[in-house]
Amino acid sequence: MATLHAKHYADAISHLDAPLLLNEQVAENTYLMRVRAPAIAATAKPGQFVMIRLAGLDAPLIGRAFAIYDVHPDPESNAADSVDLIYLRKGALTRPLSEAPVGTMVSLWGPLGNAFRDDPCERLIMAVGGIGQTPMLMAGRDALQRGWADHVEMIYGARRSSLLAGVSDFRDAGFAVTTCTDDGSEGRQALVPDVLAERIQTLQQESPDAKIRVLTCGPEIMMEKVAEVGAAQGVDVQVSMETPMACGIGICFSCVAKVIQEDGEWDYKRTCVDGPIFDAEQLCWG
Amino acid sequence: MPVIPDVTAPTLQTTLGRLTLPNPIMVASGTFGYAREMQSIVDLNRLGGILPKTITAEPRIGNAPWRTVETSAGLLNAIGLDNDGVDAFIEHHLPYLTSLTAPIVVSVAGRTVEDFTELAARVGACPGVAAIELNLSCPNVSGGVDFGTNAESCRSVVASARNATSVPILAKLTPNVTSIADIARGAADGGADAVCLTNTVLGIAVDWRKRRAILGNGMGGLSGPAIKPIALRCVHQVRRAVEIPIIGIGGIASLDDVMQFLVTGASAVQIGTANYYDPTLSMRLIDQLPAALGELGAGSVAEIVGTLE
């Protein structure tokens with residue numbers, strides 16, 4: 001049965017109309033938008049998301065969920081000011097959004113959802129694919145800045161080189177990035193779960209006692225395989241789930257995923273308030 | 001800053017049978033969770049009424065995803081009354097809800113007259129419940145819809161629920177019928193304090209490449225601005241045919257929409273799908289309502305209800 005109370009209500013939420021400060025293509029079919037939203041920037045935690053729609057328009061009607069990629073302070077006051085989101089141009093919102101000029105108003109609400117756990121580990125490996133890199137800049141940087149991980153690395157896969165977005169941001173933040181592509185156009189021609197399995201094996205041989213944690217986000221089939229790798233090699237995996245969402249706040253009960261409960265049975269849980277971050281062993285795949 | 005009462009401001013209080021609301025802006029069942037979710041962006045105590053998600057006697061797991069899909073100016077849903085059952089609701093959600101000052105209207109659904117009657121008795125006995133809404137019209141659960149498509153079934157379930165409790169009874173009806181006025185007359189004959197018009201319109205969305213319905217349940221209920229004219233037409237038809245207070249619901253997304261429902265014959269409205277995509281709308285509507293009443297020269301909501309020529 002659905003839980004009585006969600007684990008993470010959106011208690012730091014703000015709902016505002018905000019201008020686009022930046023909206024530019026950063027890779028094939030991939031865009032970065034910056035929105036002035038101080039209240040959201042001030043409280044956003046790694047792994048959280050916002051809901052966005054184009055202000056004042058009835059089409060598309062329903063908001064779309066975007067992982068928070070980065071937050072920036074105001075250069076003068078140094079107070080939290082803006083939020084960056086990276087998105088793929090693919091649907092009824094993101095097509096017009098990708099053409100919206102700076103200054104266009106978007107309606108957004110957030111920050112939403114829980115956050116990645118920050119209990120200490122020696123090695124943090126972020127295994128991402130497709131557009132799943134978007135929650136990881138804040139997560140890895142937080143790990144290094146607050147010291148809950150000693151080393152941060154990323155295994156980032158895409159179909160081809162031109163779809164990789166943000167690699168320089170990740171390297172600048174101090175992550176060791178391994179890229180892999182389906183066609184071999186950049187990095188290794190390999191799949192993320194396979195590269196991850198090799199990497200964990202190497203790390204475990206080098207230092208058998210080092211605590212490794214994997215964060216994963218991307219296509220569900222990739223995340224399922226990453227979860228299998230983690231289970232097989234005894235490594236803690238946290239999954240950032242994406243399910244079709246209508247509100248982001250917990251009021252519509254659309255975005256459910258099968259989550260295993262204390263009694264060992266699964267129940268549909270709202271990804272927006274009980275997630276989007278789940279421990280891999282909580283999830284019932286497929 | 002202290003708010004100085006304006007003695008000339010219209011009164012927003014509205015009365016439906018035995019139920020009096022502080023203002024006509026309610027939030028619809030199934031579109032507001034259990035209200036706790038909205039605590040940080042909506043001043044819950046200002047709402048005219050809160051309808052938590054429909055409860056059933058036993059817990060229900062709900063339908064397989066996808067549960068919602070956007071369509072033109074609307075949202076198609078088949079959630080499947082995912083809820084923890086009445087016991088969990090009374091133990092865990094109701095204490096929070098009844099700690100609020102806004103009227104709490106508990107939405108219940110069942111498969112039989114006995115289900116509705118027992119739920120009305122259980123919930124009606126709980127302190128702080130202002131009214132009970134009988135969800136006679138959820139299109140995603142077989143059984144419930146039958147009560148909303150037959151006037152005599154509607155009358156008998158309403159009468160039985162009404163006899164089981166002293167709190168006001170609202171009947172939420174489906175628009176998926178030949179004559180909504182006949183069904184509303186059944187609800188009135190059964191003793192309903194008001195009818196809620198309407199629930200969602202039955203629809204389907206299809207992925208032609210996969211040759212499959214998009215929703216896990218196949219068909220679903222359409223809501224949002226796309227259905228507003230249908231809901232407004234239902235209010236109009238019932239207002240002309242039956243003497244029963246009406247709560248309007250269906251695609252309300254602006255103060256203009258609210259005023260259209262009031263003038264057409266609704267004494268209150270419920271905000272539904274708009275809570276999903278404009279979560280603070282209800283607060284703005286309450287702020288804006290006095291000026292619109294003033295524009296019509298009305299000193300109260302009641303003065304404009306059903307004044308359509």
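Since this is a predicted model, take the numbers as computed values, not measurements.
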Under 4.5 Å from any heavy atom of chain A - which part of B/A64: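 Both parts, backbone and side chain.
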
Which atoms of B/T31 approach chain A - backbone, side chain, both or neither, heavy atom under 4.5 Å: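 Answer is backbone: N, CA, C or O of B/T31 sit under 4.5 Å from chain A.
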
Shortest non-hydrogen contact between A/I68 and A/M138, atoms and distance: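 Scanning both residues, the minimum pair turns out to be CG2-SD, 3.6 Å.
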
For A/T30 against A/I131, the heavy-atom pair lying closest together: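 What the structure gives for the nearest pair is CG2-CD1, 4.0 Å.
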
B/R67 to A/F253 six-membered ring, cation-pi geometry met (6.0 Å, 45°):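 Ring-cation test returns no.
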
Atom group of A/A246 that falls short of 4.5 Å from chain B, counting heavy atoms: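 It is both, since atoms from each part get that close.
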
Part of A/V256 lying under 4.5 Å from any heavy atom of chain B: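 Its backbone and side chain both get close to chain B.
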
Heavy-atom pairs under 4.5 Å with chain B, option from A/G250, A/G63, A/P244 with the top count: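 Top count of heavy-atom pairs under 4.5 Å with chain B: A/P244.
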
Which of A/D58, A/V273, A/I249 touches chain B most, by non-hydrogen pairs under 4.5 Å: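 Answer, by heavy-atom pair count under 4.5 Å with chain B: A/I249.
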
Whether over 12 other heavy atoms sit under 6.0 Å from A/E242 CD: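 No, the 6.0 Å shell around CD holds no more than 12 heavy atoms from other groups.
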
A/Y87/A/Y31 aromatic ring centres below 6.0 Å: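 Yes; A/Y31 has its ring centre under 6.0 Å from that of A/Y87.
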
